[in-house]
Amino acid sequence: MSVPSSTYRIQFTPDFTFADAEAVVDYLDALGAGALYASPLLEAVPGSTHGYDVTDPTRARDELGGEAGRVALSKAVRGAGLGFVLDVVPNHMAVDHDDANAWWWDVLRHGRESRYAHYFDVDWDSGKLLLPFAADEASEEEHEHYRLAFWRRGNTELNYRRFFDITTLAGVRVEDPEVFEATHGELLRWVAAGEVTGLRVDHPDGLADPGGYVRRLKERSGAWLVVEKILGVDEALPASWPAEGTTGYDALREVCGLFVDPAGEEGFTALARELGVPVDFAVVEHESRELVAGTILRAEVRRIAALLRHPDRDEAERAVAEVMVNFPVYRSYLPEGLEAWEAAVARAASPAARALDEQVRADPGGELATRIQQTSGMVVAKGTEDTAFYRYTRFVALNEVGGAPDRFGVPPEEFHRRAALRESGAPHGMTALSTHDTKRSEDVRARLAVLAEMPDEFAAHVRRWTAEHPIDEPSLNALAWQSLVGAWPITADRMRDYLDKAAKESKVRTTWTDHDEEFEAAVAAWPDRVLDGPVAADVAAFVDRVVGHGWSNALGQKLVQLTAPGVPDVYQGTELWDLSLVDPDNRRPVDYEVRRRLLRRIEEGWLPEVDDSGAAKLLVVHRALRLRRERPELFRGYRPLPAAGPAAPHAVAFERTGVVAVATRLPVGLANAGGWGDTVLPLPAGEWTDVLTSRPVPGSTSSPRLAELLDRYPVALLVRGDL
């Protein structure tokens with residue numbers, strides 16, 4: 001197994017193809033990346049900008065350059081000495097109402113007699129495949145030639161498993177060995193040929209048997225393997241999964257939280273309460289999960305309830321919904337995760353929950369147990385990430401995938417403890433700060449973290465701004481002002497698109513399917529009114545006050561992620577400042593020519609200022625990645641290094657094995673206190689050199705003053721001896 005020193009994520013689209021990626025391989029090599037980490041590359045829906053809507057898993061995607069382009073890219077990557085990590089989509093395939101997916105189309109033609117009928121997770125008791133299209137939308141030819149049963153919108157007799165609530169993505173039964181071979185044969189051929197060295201598994205929680213799938217994939221591939229598993233704060237991957245770790249959302253919470261001041265919680269809570277924003281996350285989360293279980297996922301609830309041996313169908317539905325709503329984590333994997341299952345059952349009020357518990361325990365591998373476990377993750381994700389996170393907008397820097405919005409920051413002691421656990425338990429798992437699925441980029445979060453140090457001042461501005469340009473929905477109003485500050489400068493179009501998505505995801509005043517046209521129009525008009533009016537100047541002036549501190553946080557969290565335990569991923573383009581919001585905003589084209597030019601200057605010895613160019617971040621990323629790739633023996637072990645002196649709480653530092661990372665935290669408080677003063681950082685014995693500046697550590701003792709060590713940058717990366 002080849003473990004990459006780091007990964008660099010690239011989003012392939014029809015506008016960024018295999019040839020485009022081949023052209024930047026030399027840049028990734030110069031940057032210091034250990035592996036190119038690719039979004040899904042199999043044939044997908046025409047025009048897809050993400051590739052998760054696979055239509056044919058037996059061939060490389062034509063729009064990206066087909067097999068010839070894929071092979072050429074693989075050769076270029078191997079020629080540069082880099083690994084190639086591939087995103088795998090085992091849970092579902094795209095089934096749009098056309099013939100793009102030949103397997104699905106064959107099922108439409110022949111029903112359960114199709115040779116592919118068992119490939120998809122369909123309940124064939126009705127004898128037909130029930131599709132979410134209105135009957136009057138079906139042509140006579142479709143009615144005549146295909147065994148389709150159309151139903152009108154609003155009906156819930158849906159009889160195939162979807163990807164969350166997306167009816168055009170149908171669940172695939174990879175637990176069946178034949179289906180696994182059919183859907184993974186081509187990918188495994190690439191692995192066997194040495195063209196793919198690592199695999200990233202998308203959404204394992206949707207599978208009937210995630211553990212079995214991971215074990216089979218690991219056995220067949222032998223590759224470095226990580227899973228997109230969203231863990232609870234104190235949850236670990238099931239011990240039986242032979243994966244190296246997760247894709248890093250757990251590390252994201254810990255690293256970003258380290259730069260959030262817990263003292264800001266009271267002020268933000270008070271502001272939220274004043275604006276009418278809910279302040280009890282547990283209540284918001286529970287209500288949001290109940291909402292999705294009773295509406296957009298009602299079909300799944302009813303399908304599971306039909307498996308419960310209970311005479312009262314309504315009571316059975318209530319029990320199923322309550323158990324899924326009350327899961328403390330995304331799902332259990334019985335018999336592993338029994339504590340999570342027991343907690344969910346105990347919290348359910350319905351008497352039928354006891355019958356559900358008994359039936360599941362009696363047959364933990366049966367269909368009822370399987371379906372309720374694989375569906376609980378859908379309820380949790382749609383209820384928490386895609387609803388509650390847009391309603392509970394007290395401090396949105398915490399509202400991230402894998403985050404805990406009710407925990408205001410991560411104290412250094414907790415961070416160090418969890419980093420040491422990662423080193424001992426999953427040292428080869430991935431870590432991340434930005435992904436294609438994050439709600440906002442790492443640099444937006446870094447700037448928002450500054451606000452936690454100045455909640456009263458920010459609150460005063462929000463009151464004034466809201467008085468001038470309110471959004472008539474408190475949670476969206478609070479989200480809008482935080483997002484505007486975090487992503488400033490931002491165009492009206494980008495802000496409009498973001499707020500439209502946020503309003504519909506929150507499901508408070510409007511939704512994706514039940515529109516409040518008047519409200520949506522008012523939200524759409526808001527960005528232009530704000531950006532074209534006098535408030536814009538006030539927002540700009542306020543951002544000027546915080547932007548430098550945001551840069552400090554951004555450099556700090558990036559250095560920590562790149563040097564702490566785990567395999568760090570760099571999301572495309574984020575080696576410079578990136579102020580993106582949720583997708584599709586974070587999938588905009590990356591200007592690699594700008595990055596090439598800046599990197600060449602850095603390689604020539606240029607030490608950039610910390611300014612708008614973002615070159616200082618590129619310096620940190622480049623030097624850290626190169627060191628990890630060239631001297632992997634340094635990045636083992638983990639030991640906190642506490643600073644000493646009046647400003648000690650503003651430094652976070654740790655040693656691996658001959659390398660020390662130092663970062664500034666809570667920069668506003670540090671500046672207000674007059675700087676580092678006599679604060680020092682006791683170092684292990686030896687002579688040390690800062691990799692970022694190529695300077696020897698100042699002072700003749702082993703406890704340099706932080707005022708000298710961090711006089712050029714708010715971070716330092718030290719190695720023992722000369723470079």
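Numbers here are sequence positions counted from 1. Bear in mind that the values here come from a model prediction, so they are computed numbers and not experimental data.
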(Q) Please determine whether side-chain hydrogen bond (donor to acceptor under 3.5 Å, both in side chains) holds for the pair T466 and N477, giving the CA-CA distance in whole Å, both sets of side-chain angles, and the decisive distance to 0.1 Å. (A) CA-CA 8 Å; T466 297; N477 181 69; 3.2 Å; yes
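- The side-chain contact (heavy atoms from CB on, under 4.5 Å) search around A446 returns N553, A554, Q557, not counting sequence neighbours.
- With 3.5 Å as the limit, one finds a donor-acceptor pair spanning the side chains of S580 and D578.
- In terms of the side-chain contact (heavy atoms from CB on, under 4.5 Å) criterion, residue partners of L499 (sequence neighbours excluded) are, by chain and number, I471, L476, A480, M495, V523, W526, P527.
- Residues that satisfy the side-chain contact (heavy atoms from CB on, under 4.5 Å) test with H203, not counting sequence neighbours, are N91, F163, F164, D205, E228.
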Could you give the side-chain donor-acceptor pairs of residues 529-539 under 3.5 Å, partners two or more places apart or in another chain?
unit_1: D538; atom_1: OD2; unit_2: R464; atom_2: NH2; d: 3.0
unit_1: D538; atom_1: OD2; unit_2: W465; atom_2: NE1; d: 2.8

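- A 4.5 Å side-chain heavy-atom check between Q374 and R161 finds at least one atom pair inside the cut-off.
- In summary, the side chains of R9 and S39 do not present any donor paired with an acceptor at a separation below 3.5 Å, with no hydrogens or angles considered.
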Q) Does the pair Y249 and T435 meet the rule for a side-chain hydrogen bond (donor to acceptor under 3.5 Å, both in side chains), with working shown? A) CA-CA 9 Å; Y249 288 112; T435 77; 2.7 Å; yes
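- Side chains of R61 and P14 form a contact here, defined as non-hydrogen atoms less than 4.5 Å apart.
- Residues W481 and F542 keep their aromatic ring centres 6.0 Å or farther apart.
- Looking only at side-chain heavy atoms (C-beta outward), R447 and L579 come within less than 4.5 Å of each other.
- Judged by distance alone, the side chain of R394 and the main-chain N or O of V277 form no donor-acceptor pair under 3.5 Å.
- Residues S483 and R440 have side chains that never bring a donor and an acceptor to within less than 3.5 angstrom of each other.
- When atom types are taken as modelled, the side chain of R545 and the backbone of A541 share no donor-acceptor pair closer than 3.5 angstrom.
- Remark: the backbone N or O of A478 is paired with a side-chain donor or acceptor of Q482 at under 3.5 angstrom.
- For the residue pair D611 / S613, a side-chain donor-acceptor distance below 3.5 Å is found, with atom types taken as modelled.
- T393 contributes no side-chain N or O that, together with a main-chain N or O of V396, makes up a donor-acceptor pair within less than 3.5 Å.
- To the nearest 0.5 angstrom, L86 atom CG is 10.5 Å from R200 atom CZ.
- At most 12 non-hydrogen atoms from other residues, nucleotides or ligands lie less than 6.0 angstrom from CD of E518.
- Between F408 and F268, the angle of the ring planes lies from 30° to 60°, which puts this pair in the tilted group.
- Only one option out of Y52, Y37, Y571 pairs with H436 in a ring pair (Phe, Tyr, Trp, His ring centres under 6.0 Å); it is Y52.
- Looking at T438 and E400, their side chains come closer than 4.5 Å, going by heavy atoms from C-beta outward.
- Side chain of R289 to main chain of F327: a donor-acceptor pair is present (N/O by atom type, distance under 3.5 Å, no hydrogens or angles).
- Side-chain atoms of K507 come within 3.5 Å of backbone atoms of D386 as a donor-acceptor pair (strictly under, hydrogens ignored).
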Q. When you look at T431 and V255, which way does the side chain to side chain contact (heavy atoms under 4.5 Å, CB included) test go after all the steps?
A. CA-CA 10 Å; T431 67; V255 174; over 6 Å; no
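- For D437, the salt bridge (charged side-chain N to carboxylate O under 4.0 Å, His left out) partners are R587, not counting sequence neighbours.
- When atom types are taken as modelled, the side chain of E274 and the backbone of A272 share no donor-acceptor pair closer than 3.5 angstrom.
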Q.
For a salt bridge (Lys or Arg N to Asp or Glu O under 4.0 Å) check, start with the C-alpha distance between R391 and E287, then their side-chain angles and the critical distance, and finish with the verdict.
A. CA-CA 10 Å; R391 294 181 171 198; E287 291 175 347; 5.0 Å; no
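- The salt bridge (charged side-chain N to carboxylate O under 4.0 Å, His left out) test applied to E290 returns no partner, not counting sequence neighbours.
- Remark: the backbone N or O of Q11 is paired with a side-chain donor or acceptor of Q572 at under 3.5 angstrom.
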Q) When you look at T55 and E43, which way does the side-chain hydrogen bond (donor to acceptor under 3.5 Å, both in side chains) test go after all the steps? A) CA-CA 6 Å; T55 56; E43 190 60 76; 4.9 Å; no
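- Proximity of F458 to V485: side-chain heavy atoms (C-beta onward) are separated by under 4.5 Å at one or more points.
- Defined by atom type and a distance below 3.5 Å, a donor-acceptor pair is present between the side-chain atoms of T510 and E520.
- Side-chain contact between D472 and R509 is present, with at least one heavy-atom pair separated by less than 4.5 Å.
- Listed for the D497 side chain is no donor-acceptor partner under 3.5 Å among the backbone atoms of D585.
- Side chains of Y160 and T167 form a contact here, defined as non-hydrogen atoms less than 4.5 Å apart.
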